[in-house]
Amino acid sequence: MAEQLSKVYEPATIEKQSMSIWTKGKYFHPEADGNHDNSYAIVIPPPNVTAALHLGHALNNTLQDIIIRYQRMLGKNTIWMPGTDHAGIATQTVVEKRILAEENRRRIDFERDEFVGRVQAWKDEYEARILGQLKAMGCSCDWERTRFTMDEVCAKAVRANFFKLFKDGLIYRGKRLVNWDPATQTVLADDEVEHQEINGHFWYLKYPLVEKVGDIEHVTVATTRPETMLGDTAVAMNPRDSRAEALVGKQVRLPIVGRLIPIIADEHVVLPDPESDDEKAKFSTGFLKVTPAHDPDDWAIGQRHELPVINVMAPDGSISDQYGWEDADEDAEFLLGMDRYEAREAIVDWFRGENLLAEVREYVHEVGHSYRSHVPIEPYLSDQWYIAVKKPISSLVACRSSLAGGFIENTDVPENSLAGLALKPLLDGRLKFIPERYAKTYQSWLENLRDWPISRQLWWGHRIPIWGQIEEGEIQLSKEIIQLKESGRIAVNLFREQTYICINKAGDNEAIATVEKNGFTQDQDVLDTWFSSALWPFSTMGWPGETDELKTFYPGNMLCTAREIITLWVSRMVMMGQYCVGDIPFSDVYIHAMIQDGQGRKMSKSLGNGIDPLIAIDSHGADAMRFTLSSMTTETQDVRMPVSEMELPDGRKVNTSPKFDTGRNFCNKLWNASRFAMMNLEGTDASEFDKDKLRLEDKWILSRLARTIEHTNECLDGYKFSEPINNLYKFFWNDLCDWYLEWAKPRMNDAVQKSIAQNVLAFVLDQTLRLLHPFIPFITEGIFGKLNEIVPNRGLAGIVELERSEALIIAKWPGEINECKDDEAQVNIEHIQTAIRTIRDMRSKYNIAPSEKMAASAAVGQEIAGVLNDNSSLVCELAGLESFEAGAGIEKPENAAAAIVEQMQIYLHNAIDPKAELERLNKQKEQVIKGKKAVEAKLANENFVNKAKPEVVEQSRQKLNELNQQLEAIEKHIAELQG
RNA sequence: GGGCGAUUAGCUCAGUUGGCUAGAGCGCCUGCUUUACACGCAGGAAGUCACAGGUUCGAGUCCUGUAUCGCCCACCA
């Protein structure tokens with residue numbers, strides 16, 4: 001006899017066992033066989049190596065694993081490519097923070113290589129933790145192909161792509177205002193700027209006109225940052241302003257500095273209106289000081305009017321004439337070296353002293369602060385590398401007939417630009433978002449796309465492979481440089497009269513040496529993290545090499561991610577996939593919900609409301625976590641998960657969620673029911689199966705299984721997750737356990753019945769395990785292994801043959817079994833269940849002990865009566881009866897309790913409790929009357945009868961008929977009780 | 001400012017193309033050592049479907065508006 005399942009379900013044990021089966025079988029690792037038609041590929045959204053995974057990652061990866069396991073069981077050659085992202089600024093920042101806290105050293109206290117080494121060490125630590133977490137969750141990734149966005153394979157792709165872009169003229173050098181943190185002297189990404197409300201001021205500064213215009217001697221500008229006035233290069237006013245005609249084109253003399261600056265007309269300026277609800281209009285004077293070097297809006301105005309750009313600050317935020325301010329004379333000297341806030345006061349004092357301060361007003365406004373140093377950020381001008389996203393790519397026009405070189409309809413996006421390459425597949429339906437609404441995010445972002453700044457002033461990342469000339473002025477390229485260029489090892493471009501060289505291949509030390517010898521030096525910056533992420537679907541597969549992986553698995557099938565990176569990541573992968581490989585990297589983009597805590601707040605470290613997946617695995621088990629996560633995954637954009645503290649057996653107090661209880665309870669039920677089933681399956685002989693001997697309950701459970709298989713397939717094909725798992729839950733628990741298994745118990749002691757019940761049970765259990773496997777892989781694999789030992793041969797001869805499989809993970813996915821669909825059996829079982837429930841209810845109401853065997857009968861139409869009589873044992877077994885009889889002419893016996901349900905009147909013999917009975921019947925009467933009134937009202941409405949679909953009207957008539965009969969029966973019983 | 005989502009039982013959520021006396025899990029109440037499971041079994045109570053209009057024979061479901069909560073993007077002299 002085979003050993004049975006252990007008595008107690010222990011997730012940790014089963015997780016270990018199943019994992020070892022999968023590892024030994026190498027089931028996660030597909031061969032790159034060159035056959036793309038039978039492949040199914042997903043690339044993981046590579047988690048940042050900044051920190052361990054949180055519950056959102058657990059959800060994200062559970063969903064991917066469900067799909068990949070489903071596809072694997074369908075027989076596809078599946079790959080799930082794992083890996084991590086170096087996450088430039090985020091990782092560098094956490095490491096800097098840690099080093100500062102632990103060693104009191106700052107980044108600039110290190111040599112670049114040493115510092116990068118420290119970040120690398122952090123990366124190694126967290127990468128290991130992240131991969132460990134993914135494995136613990138059961139993710140069936142191809143670990144042998146694990147990649148990292150900065151490893152050699154990915155770096156090669158980065159360099160190849162960069163060189164291609166550079167050669168195609170899509171990379172250029174441009175000026176840009178960045179978020180500068182003067183305290184740490186680094187650039188911050190937009191999302192690293194925290195907005196804080198500040199009680200500030202509006203200062204109204206009077207700038208004198210060079211020549212009076214009528215009575216007007218001054219124009220007054222309003223500013224919250226007076227210190228930037230040193231860099232003003234214009235005063236702007238709205239052309240619709242009544243004073244514009246007289247003033248535009250005149251000059252003002254900038255106080256302190258003495259610079260003559262023009263008054264220009266620009267629509268951007270808000271017209272003054274003290275009565276307006278618009279804050280800006282209230283405070284506006286109609287005159288706007290324009291400081292292109294220190295304000296993003298002013299920068300834009302400056303661009304439109306070709307204004308000079310004068311930077312008056314040093315990188316530390318102090319006033320300085322060393323960074324682009326050339327006309328600082330002795331009048332301004334007192335400000336040099338002052339901190340920006342000191343300078344602000346000094347300038348305001350100066351204006352006050354000169355009688356040029358018109359007014360000061362209180363003003364509450366939002367100011368961007370560095371999330372790291374918490375000082376206000378400074379918009380700061382710097383040189384950056386950009387990718388031109390709307391520039392037509394000439395090399396593409398020639399080779400793609402579909403790209404005519406025109407614009408995409410209703411946009412200014414050329415079809416053969418990078419933006420166009422990403423937008424086109426969505427518009428022609430090759431790229432699909434699920435849920436569909438997210439396509440809009442993608443589309444509108446691309447339609448309004450601006451050039452992509454790709455350089456970052458960091459040390460952690462892919463160093464930009466561009467060498468720029470050291471000396472100012474035009475230079476002559478040497479012979480050896482020209483040779484390198486002609487051989488394709490370097491590309492050379494000119495930006496603003498400066499020469500820049502891009503070196504094609506990493507490790508081409510000879511080229512580097514030559515270039516550097518000729519007076520070029522490598523750019524200090526690194527690439528935006530998203531540059532390498534954009535290549536992820538093919539860099540991981542060895543592009544630009546023509547690898548078997550690319551041949552087999554590219555283009556891939558689906559991408560599963562969170563909505564906040566649709567723009568930053570998804571669109572750029574499509575863009576670069578098209579540009580580099582010539583095809584979109586995936587056809588389906590599934591966007592899942594964001595997990596919030598019980599109060600609808602984002603889970604975050606600072607709030608302490610996050611849940612570590614490993615903790616959830618400790619507290620409830622990996623399968624339980626996956627069950628709950630998938631059962632929550634509907635198409636809404638947020639889901640809530642109440643968080644509560646719990647003490648683990650080892651004494652740790654941790655955050656977990658009571659919602660995981662559902663998953664754990666289900667796994668426990670699955671374990672115990674399977675254990676019980678298998679205790680009765682010893683000696684099952686498939687050859688004894690005879691489909692003609694199936695009883696009603698067999699036909700019913702097989703029909704329910706057939707429907708469940710069909711439903712599960714439909715759902716998974718449509719990326720629905722909560723629906724199939726919740727339906728499987730109901731099927732297993734409510735149909736199989738609550739009914740079929742209970743009915744099977746006595747059959748297991750019956751020589752004739754045993755074999756048929758065993759075969760059906762073994763088959764249904766087998767199929768259910770397969771259907772559940774993608775969702776809860778560990779426990780199902782474990783039970784399946786045991787089932788293989790106890791019932792090696794399963795299948796229903798003449799209905800379904802089952803191939804044996806050494807492991808569930810590669811077992812064949814259940815195909816549809818249409819011949820098992822049996823509506824009649826389902827309806828008949830429902831009648832039987834109704835009868836049983838009704839009797840149970842009466843027993844409960846009258847406090848009849850479960851052990852007490854009763855007699856019951858039912859008055860019901862001939863057809864149903866036949867079904868009930870043919871299967872009276874089913875009723876007796878689960879309703880605690882010794883006898884049951886149904887028939888059209890059955891009368892209520894003396895002393896019987898009566899219940900009316902649907903078209904049945906059920907009598908529980910010798911159970912009368914007149915008081916309780918009356919109470920119950922009166923209550924039911926109320927309900928029936930209420931229902932009857934509603935239906936009568938409906939049918940009394942001529943419009944309903946005439947306009948509604950005939951079958952709906954007919955349904956209502958039948959309903960009314962049934963209610964009338966019920967009411968009649970109830971009243972009769974009440975009368976008898978009272979009589 | 002632009003876009004999107006949510007609002008249904010005490011809590012967390014389902015509710016397909018309009019056809020309901022509106023469902024599930026948890027929690028709550030009443031029983032139960034019934035040949036696996038108390039992480040269980042049987043039964044039960046519990047809802048003005050956010051609000052106001054509209055379309056329709058019929059609205060939780062469709063349309064318009066309002067409110068509240070939340071997310072994304074852009075911006076703030």
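The sequence lines fix the lettering, A, B, ..., with proteins before strands; numbering per chain opens at 1. Bear in mind that the values here come from a model prediction, so they are computed numbers and not experimental data. Excluded from the calculations below are hydrogen atoms, water molecules and symmetry mates; all remaining heavy atoms, backbone and side chain alike, are included.
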Classify [X] by what it touches in the nucleic acid, base, sugar-phosphate, or nothing, heavy-atom distance under 4.0 Å.
X: A:K669; answer: base
X: A:K289; answer: nothing
X: A:E742; answer: base
X: A:V639; answer: sugar-phosphate
X: A:Q596; answer: sugar-phosphate
X: A:R920; answer: nothing
X: A:D841; answer: sugar-phosphate
X: A:W203; answer: nothing
X: A:K730; answer: nothing
X: A:A222; answer: sugar-phosphate
X: A:I565; answer: nothing
X: A:N448; answer: nothing
X: A:R837; answer: sugar-phosphate
X: A:H294; answer: nothing

Can you tell me how far [atom1] in [N] sits from the matching atom in [M], rounded to whole Å?
N: B:rU16; M: B:rG60; atom1: C1'; value: 14 Å
N: B:rU64; M: B:rU21; atom1: C1'; value: 31 Å
N: B:rU12; M: B:rU17; atom1: P; value: 26 Å
N: B:rG18; M: B:rA24; atom1: P; value: 24 Å
N: B:rG15; M: B:rG2; atom1: P; value: 30 Å
N: B:rC26; M: B:rU55; atom1: C1'; value: 39 Å
N: B:rA59; M: B:rC4; atom1: C1'; value: 24 Å
N: B:rG53; M: B:rA46; atom1: C1'; value: 31 Å

Taking only the side-chain heavy atoms of [X] (C-beta and beyond), determine which of [options] contains the nearest atom.
X: A:N668; options: B:rC75, B:rG25, B:rC37; value: B:rC37
X: A:R664; options: B:rG19, B:rC39, B:rU12; value: B:rC39
X: A:A948; options: B:rU21, B:rC57, B:rC37; value: B:rC57

side-chain N/O [X] vs [N] OP1/OP2, d < 4.0 Å:
X: A:T634; N: B:rA14; result: yes
X: A:N665; N: B:rC37; result: no
X: A:K440; N: B:rC4; result: yes
X: A:K959; N: B:rU21; result: no
X: A:K923; N: B:rA45; result: yes
X: A:K938; N: B:rC20; result: no
X: A:R640; N: B:rU12; result: yes
X: A:W733; N: B:rC41; result: yes

State, yes or no, whether a side-chain contact exists between [X] and [Y] at a heavy-atom distance under 4.5 Å.
X: A:E877; Y: A:W743; answer: yes
X: A:N680; Y: A:Q758; answer: no
X: A:Y204; Y: A:F287; answer: no
X: A:I900; Y: A:L967; answer: no

* On RNA chain B, nearest-nucleotide positions of A:D661 versus A:T224: which is more 5'? ->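 The answer here is A:D661.
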
* Structure fact -> When A:I848 and A:M641 are each assigned the nearest nucleotide of RNA chain B, the 5'-most assignment goes to A:M641

Considering only NZ, NE, NH1 and NH2 on the basic side and carboxylate oxygens on the acidic side, decide whether [X] and [Y] come within less than 4.0 Å.
X: A:K933; Y: A:E936; result: no
X: A:R563; Y: A:D638; result: yes
X: A:K845; Y: A:E919; result: no
X: A:D841; Y: A:R837; result: no
X: A:R747; Y: A:D750; result: no

* Asked: Would A:F775 and A:F666 count as a close aromatic pair, with their ring centres under 6.0 Å?
  ->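 Here the rings of A:F666 and A:F775 have centres that are no less than 6.0 Å from each other.
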
* Other residues, nucleotides, ligands: >12 heavy atoms within 6.0 Å of A:E436 CD -> no

* **Nearest-Å distance for atom pair CE/P, residues A:M678 and B:rU35** => 21 Å

* In a check of salt bridge (Lys or Arg N to Asp or Glu O under 4.0 Å) between A:K289 and each of A:D232, A:D295, A:D298, which one passes? ->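 Exactly one option meets the salt bridge (Lys or Arg N to Asp or Glu O under 4.0 Å) with A:K289, and it is A:D232.
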
Heteroatom pairs (N/O) under 3.5 angstrom, protein to nucleotides 5-11 of chain B:
{"from": "B:rG5", "atom 1": "O4'", "to": "A:Q637", "atom 2": "OE1", "distance (Å)": "3.4"}

* Can you find a donor-acceptor N/O pair under 3.5 angstrom joining the side chain of A:Q4 to the base of B:rA36? ->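 Under the 3.5 Å cut-off, the side chain and the base do not form any donor-acceptor pair.
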
* Please evaluate the base of B:rU35 for a donor-acceptor partner in the side chain of A:N749 within a cut-off of under 3.5 Å? =>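 It does, because a donor-acceptor pair links the side chain of A:N749 to the base of B:rU35 below 3.5 Å.
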
* Check RNA chain B for consecutive Watson-Crick or G-U pairs with both distances under 3.5 Å and list the runs of at least three as stems. =>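 Stems for RNA chain B, defined as runs of 3 or more consecutive pairs: B:1-7 with B:67-73, B:10-13 with B:23-26, B:28-32 with B:40-44, B:50-54 with B:62-66.
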
* Asked: Should the pair A:K669 and A:Y729 be classed as cation-pi, given the thresholds of under 6.0 Å to the six-membered ring centre and 45° from the axis?
  -> no

